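Each remark here refers to the structure printed beneath this line.
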2 protein chains.
Amino acid sequence: MSALRNSKQRDAVLRNLSERYDHPTAEDVYLSLKKEMPSISLATVYRNLKLLESEGLILKITTDDSDRFDGHTHEHYHFTCRDCKRVLDLELRDGTDVNNLTKDFGGTITSHSLMFFGICPDCKVL
Amino acid sequence: MSALRNSKQRDAVLRNLSERYDHPTAEDVYLSLKKEMPSISLATVYRNLKLLESEGLILKITTDDSDRFDGHTHEHYHFTCRDCKRVLDLELRDGTDVNNLTKDFGGTITSHSLMFFGICPDCKVL
DNA sequence: GTCTTATTGATAACGATTATCATTATCATG
DNA sequence: CATGATAATGATAATCGTTATCAATAAGAC
């Protein structure tokens, strides 16, 4: 199983994500890194985002729009704006009253979705 | 504001979704409807899925894989299998002990994501 | 029945992501 | 160090889910 090697590009992707809180798309990361590393390729960004996600170092946020990435992996939740499509952090601390969430947040929350991931009963036995 | 007209195709899409619990993709619905309505077009299925979702009659479930649809709009949650990619219902009743969810469910839950939707503070004032 | 126009079916176009492949860089080894 | 194996890259073609286009059809108000 192919050992990982160091790569300036991968480091740059990870660092970029750890420094920002705006949940960028792959292209956002690419455009941002191009400034300091003009030769970087969009394919390399995609590749490393996938790799870093599989390593658990970043999170992929699947939205109606395009996929977004989060370099901060502590447990927290997200909000997507129906208008501007931005993704914002929503920290849900112990004791947070979900009914007051809208008020505390400032925006308007109209719905939510909760998705669980794992292995289904069928695949578990195979 | 163009009034909606009746359409056999739209009715068929809605009926198809209300009769199944497997969270089909647009293509799944298309292939299923083609049996009883051979002339239906994939574009028509996509169009009506989007329309029905905007009317609140069905739910769109965005996954890493492709979008899936649910004709049952009561509040409930979903599980995606990392292996087979299927989407299963997960009813979370009052009093459900989330810590026992894995046991009750039969599969293995390794993570989850919670997304809120609405209008962000910035867009709210515009 | 007639007219307006919402809806359809067929297909081209689009856009995000992935695959391909020759070249380059990493790094264990001699 | 120099070298060889191969992971990683950059450039770009290919893929695939979804949307746009447009002429033909059908709903339904009159």
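Source: prediction; values computed, not measured. The sequence lines fix the lettering, A, B, ..., with proteins before strands; numbering per chain opens at 1.
If you take CD of A:Glu53 and P of C:dT17, they are 12 Å apart, rounded to a whole angstrom. The CG atom of A:Asp67 sits 13 Å away from the C1' atom of C:dT18 (whole-angstrom rounding). Taking atom CG of residue A:Asp65 and atom P of nucleotide D:dT18, one finds them 14 Å apart after rounding to whole Å. Nucleotide D:dG17 holds its P atom 14 Å from the NZ atom of B:Lys85, rounded to whole Å. If you measure from atom CD of B:Glu55 to atom C1' of C:dA6, you get 14 Å, rounded to the nearest angstrom. Atom P of nucleotide D:dG17 and atom CG of A:Asp64 are separated by 17 Å, given to the nearest angstrom. In this structure, A:Asp11 atom CG and D:dT9 atom C1' are separated by 14 Å, rounded to whole Å. We find that CG of A:Leu52 is positioned 18 Å from P of D:dA7, with the value rounded to whole Å.
OP1 and OP2 of D:dA26 both lie 4.0 Å or more from every side-chain N or O belonging to B:Gln9. For C:dT17, one of the phosphate oxygens OP1 or OP2 lies less than 4.0 angstrom from a side-chain nitrogen or oxygen of A:Tyr46. Listed pair A:Lys50 / C:dT17 fails the phosphate criterion, with no side-chain N or O lying under 4.0 Å from OP1 or OP2.
Taking each heavy atom of B:Val13 and B:Leu33 in turn, the nearest pair found is CG2-CD1, 3.6 Å. The minimum heavy-atom distance between B:Thr25 and B:Phe69, with the atom names listed, is C-CD1, 4.4 Å.
Atom OG1 of residue A:Thr110 and atom CZ of residue B:Phe117 lie 8.5 Å apart, to the nearest 0.5 angstrom. Atom CG of A:Leu17 and atom CG of A:Asn48 lie 10.5 Å apart (nearest 0.5 Å).
In this model, no donor atom of one side chain and acceptor atom of the other lie less than 3.5 Å apart for B:Asp89 and B:His72. A side-chain donor from one of A:Glu75 and A:Tyr77 sits under 3.5 Å from a side-chain acceptor of the other.
Residues of residues 24-44 of chain A having a heavy atom closer than 4.0 Å to DNA chain D, listed by number: A:Ser39, A:Ile40, A:Ser41, A:Ala43, A:Thr44.
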Would you please test A:Thr108 and B:Lys124 for side chain to side chain donor-acceptor pair (under 3.5 Å) and show each step?
-> CA-CA 8 Å; A:Thr108 303; B:Lys124 205 173 171 179; 3.3 Å; yes

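Within the 4.0 angstrom heavy-atom criterion, base atoms lie near A:Arg47.
With respect to B:Arg15 and B:Glu36, a salt bridge is recorded, a charged nitrogen being found less than 4.0 Å from a carboxylate O.
You'll find the side chain of A:His78 stays beyond 4.5 Å of the side chain of A:Thr63, heavy atoms only. Looking at A:Asp22 and A:Arg86, their side chains never come closer than 4.5 Å, going by heavy atoms from C-beta outward.
Note on B:Tyr21: it does not cluster hydrophobically with A:Met115, by side-chain heavy-atom contacts below 4.5 Å among ILVMFWY residues.
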5' to 3', nucleotides 24-30 of chain C under a 4.0 Å protein heavy-atom cut-off (B base, S sugar-phosphate only, - none) gives -BBS---

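Looking at which nucleotide of DNA chain D each of A:Leu51 and B:Phe69 is closest to, the 5′-most match is held by A:Leu51.
The residue from B:Leu42, B:Ile40, B:Val45 that alone fulfils the side-chain contact (heavy atoms from CB on, under 4.5 Å) condition with B:Val29 is B:Val45.
Axis deviation across the helix from C:dG1-D:dC30 to C:dG30-D:dC1 amounts to 30°, comparing end segments of five pairs, rounded to 10 degrees.
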